[in-house]
Amino acid sequence: MSQADFAVIGSRLADRVAIVTGAASGIGRATALRLAAEGAHVVVSDVRSEPREALPEERPTAETIQAGGGRATFVRADVRRTEDVESLVGTAAEISGRLDLVVNNAGIFGLAPLLETTDEKWDEDMAINVRSQFLMCRAAVRVMREQEPIREVRGRIVNVSSQLGLTAPPEAVTYAVAKAGVAHLTRQLAVDFAADGVIVNAVAPGRILTGTHPGEREYLADGTVDAATAFSLKRTPFPRLGRPEDVAGAILFLGSDDCTFVSGHVLAVDGGWTAY
Ligand SMILES: NC(=O)c1ccc[n+]([C@@H]2O[C@H](COP(=O)([O-])OP(=O)(O)OC[C@H]3O[C@@H](n4cnc5c(N)ncnc54)[C@H](O)[C@@H]3O)[C@@H](O)[C@H]2O)c1
């Protein structure tokens, strides 16, 4: 769906409340729009409300949803901070008395070779890319396991890992290890809370064009291909790189009633990258 013409088009998530972290921009924004388009009340959370690289016509995510007749609430939260996370989950749970879906998307990308990785860089990358998801899962599970099930499921969590958490890319020490941690956190919690009716899955996006990689904005603007983009294009079996909407569609499946007996799965959304 184009972000400019948001509209509620379905009811797969009617009467459900969903949190999406990092929802101001990129994959999180596309996911919030997609969930809201299926009737969810989306708690759009981020450290900022404006899209990261706002185009002149782009409104903040929550405003875009509201303007198109959808339901959204913006909550500013830094997912590195326990108190922000607890407050975010509490606010969401108060909207209708339950929390149906959490999408742990907030994260930052960066390459760092081992010998140039300081203690501070390691701690910072772990805090934003994996500790944040532990904090969110802990707060969400506390709410979900106490609420009444809907069709046997009390709640669903979708964590955002990465293709780089499933393979060992060159010189991505902190990012890849954090995203591998997200994949395993997903399996662990799926096992630990299956009996409680909490479904926990992850997506592992491939190279998705959100403007976060060096050279990507030029590629999106006028098709200029730098070395990193050329590598990704060659390495991806699909004849194109990913769009945020590709990931949003996978998250919608994992967060909907269509996902009934899938848990602990890390779904690659990567145009075949990890299959190659
Ligand atoms: N773009 C890709 O190619 C790709 C590939 C694999 C995985 N991912 C993962 O997908 C997720 C989204 O990536 P994206 O490309 O859309 O990035 P993005 O930069 O477009 O969006 C990330 C959002 O997270 C927010 N954020 C950053 N730090 C935060 C914090 N401490 N608390 C709350 N919000 C915070 C940012 O403000 C931003 O709006 C990340 O977890 C990323 O690692 C992206």
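Remember, it's 1-based here, ligands and their atoms both numbered in the order they're listed.
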When you group the ILVMFWY residues by side-chain heavy-atom contacts below 4.5 Å and let the links chain together, are Val20 and Met144 in the same group? no
Hey, which atoms in ligand 1 end up nearer than 4.0 Å to a heavy atom of Ile27? 10 (O), 16 (O), 44 (C)
Under 3.5 Å, N or O to N or O, is Asn129 touching ligand 1 that way? no
N or O contact, Arg207 vs ligand 1, cut-off under 3.5 Å: no
Does the side chain of Asn201 come within less than 4.5 Å of Ile199's, by heavy atoms? yes
Any N or O of Ile128 that comes nearer than 3.5 Å to an N or O of ligand 1? no
Evaluate the criterion side chain to side chain donor-acceptor pair (under 3.5 Å) for residue pair Asp226 and Thr229; output intermediate values, then yes/no. CA-CA 5 Å; Asp226 70 347; Thr229 305; 2.6 Å; yes
For Val79 and ligand 1, does the shortest N/O to N/O distance drop below 3.5 Å? yes
Taking distance alone, with no angle check, do Gly28 and ligand 1 share an N/O pair under 3.5 Å? no
If we only count N/O pairs under 3.5 Å, is Asn105 in contact with ligand 1? yes
Look at atom 39 (O) of ligand 1 and say which protein heavy atom is nearest, naming residue and atom and giving the distance to 0.1 Å. Asp46 OD2, 2.7 Å
Can a salt bridge be assigned to the pair Glu245 and Arg29 using a cut-off of 4.0 Å between side-chain N and carboxylate O? no
Counting only heavy atoms, which portion of Ser161 has something under 4.0 Å from ligand 1: side chain, backbone, both, or neither? backbone
Rounded to the nearest 0.5 Å, how far does OG of Ser162 lie from CG of Asp270? 9.5 Å
May I ask you to identify the nearest protein heavy atom to atom 4 (C) of ligand 1, giving residue, atom name and distance to one decimal place in Å? Gly206 O, 3.9 Å
Ligand-residue contact atoms, ligand 1 with Arg48, heavy atoms, under 4.0 Å: 37 (O)
What is the closest protein heavy atom to atom 17 (O) of ligand 1, and at what distance does it sit? Thr212 CG2, 3.6 Å
Atom CG of Asn105 and atom CD1 of Ile19: how far apart are they, to the nearest 0.5 Å? 13.0 Å
Test of proximity, Gln163 against ligand 1: N or O pairs below 3.5 Å: no
Would you sort out whether Asn159 and Thr186 count as a side chain to side chain donor-acceptor pair (under 3.5 Å), showing the intermediate values? CA-CA 7 Å; Asn159 296 323; Thr186 301; 3.0 Å; yes
Give me the nearest non-hydrogen protein atom to atom 3 (O) of ligand 1 as residue plus atom name, then the distance to 0.1 Å. Ile208 N, 2.8 Å
Of the choices Pro51, Gly22, Ala24, which has the non-hydrogen atom that lies closest to atom 24 (O) of ligand 1? Gly22
Between the side chains of Thr73 and His41, is a donor N or O closer than 3.5 angstrom to an acceptor N or O? yes
Determine whether Val247 and Ile208 make a side-chain contact, defined as any pair of heavy atoms from C-beta on separated by less than 4.5 Å. yes
Ligand 1 to Ser162 polar contact by distance, N or O atoms, under 3.5 Å: no
Which of the numbered atoms in ligand 1 are below 4.0 angstrom from a heavy atom of Gly26? 16 (O), 20 (O)
Heavy-atom distances under 4.0 Å decide this one: backbone, side chain, both or neither, for Arg52 against ligand 1? side chain
Presence of salt bridge, Arg81 and Glu83, under 4.0 angstrom: yes
For ligand 1, which atoms sit closer than 4.0 Å to a heavy atom of Val47? 30 (C), 32 (N), 33 (C), 34 (N), 35 (C), 37 (O)
Note: Ala92 and Val17 closest approach over all heavy atoms is O-CG1, 3.7 Å
Check ligand 1 against Val160 and write out every atom of the ligand that is under 4.0 Å from a heavy-atom position of the residue. 9 (C), 10 (O), 11 (C)
Please confirm whether His213 comes within less than 3.5 Å of ligand 1 when only nitrogen or oxygen atoms on both sides are compared. no
N-O pairing of Arg156 and Asp257 below 4.0 Å: yes
Trp273 six-ring centre to Arg207 NZ/CZ under 6.0 Å and within 45° of normal: no
Ligand 1 atoms nearer than 4.0 angstrom to some heavy atom of Ala106 are 24 (O), 33 (C), 34 (N), 35 (C), 41 (O)
With atoms numbered from 1 as shown, which atoms in ligand 1 lie under 4.0 angstrom from a non-hydrogen atom of Arg80? 31 (N)
Taking atom 22 (C) of ligand 1 as the reference point, the nearest protein heavy atom with its distance: Gly107 O, 4.0 Å
Run the salt-bridge test on Asp123 and Lys121 with the 4.0 Å N-O cut-off and return the result as yes or no. no
Shortest protein heavy-atom distance from atom 14 (P) of ligand 1, along with the residue and atom involved: Thr210 OG1, 3.7 Å
Side chains of Val141 and Ile157 in contact at under 4.5 Å (non-hydrogen atoms): yes
Atom 42 (C) of ligand 1: nearest protein contact (heavy atom, Å): Tyr175 OH, 3.6 Å
Of the protein's non-hydrogen atoms, which lies at the shortest distance from atom 31 (N) of ligand 1, and what is that distance? Asp78 OD1, 2.9 Å
Looking at CD of Glu63 and CD of Glu50, how far apart are the two atoms once the value is rounded to the nearest 0.5 Å? 7.5 Å
Check Ala77 against ligand 1 and report side chain, backbone, both or neither, counting heavy atoms closer than 4.0 Å. backbone
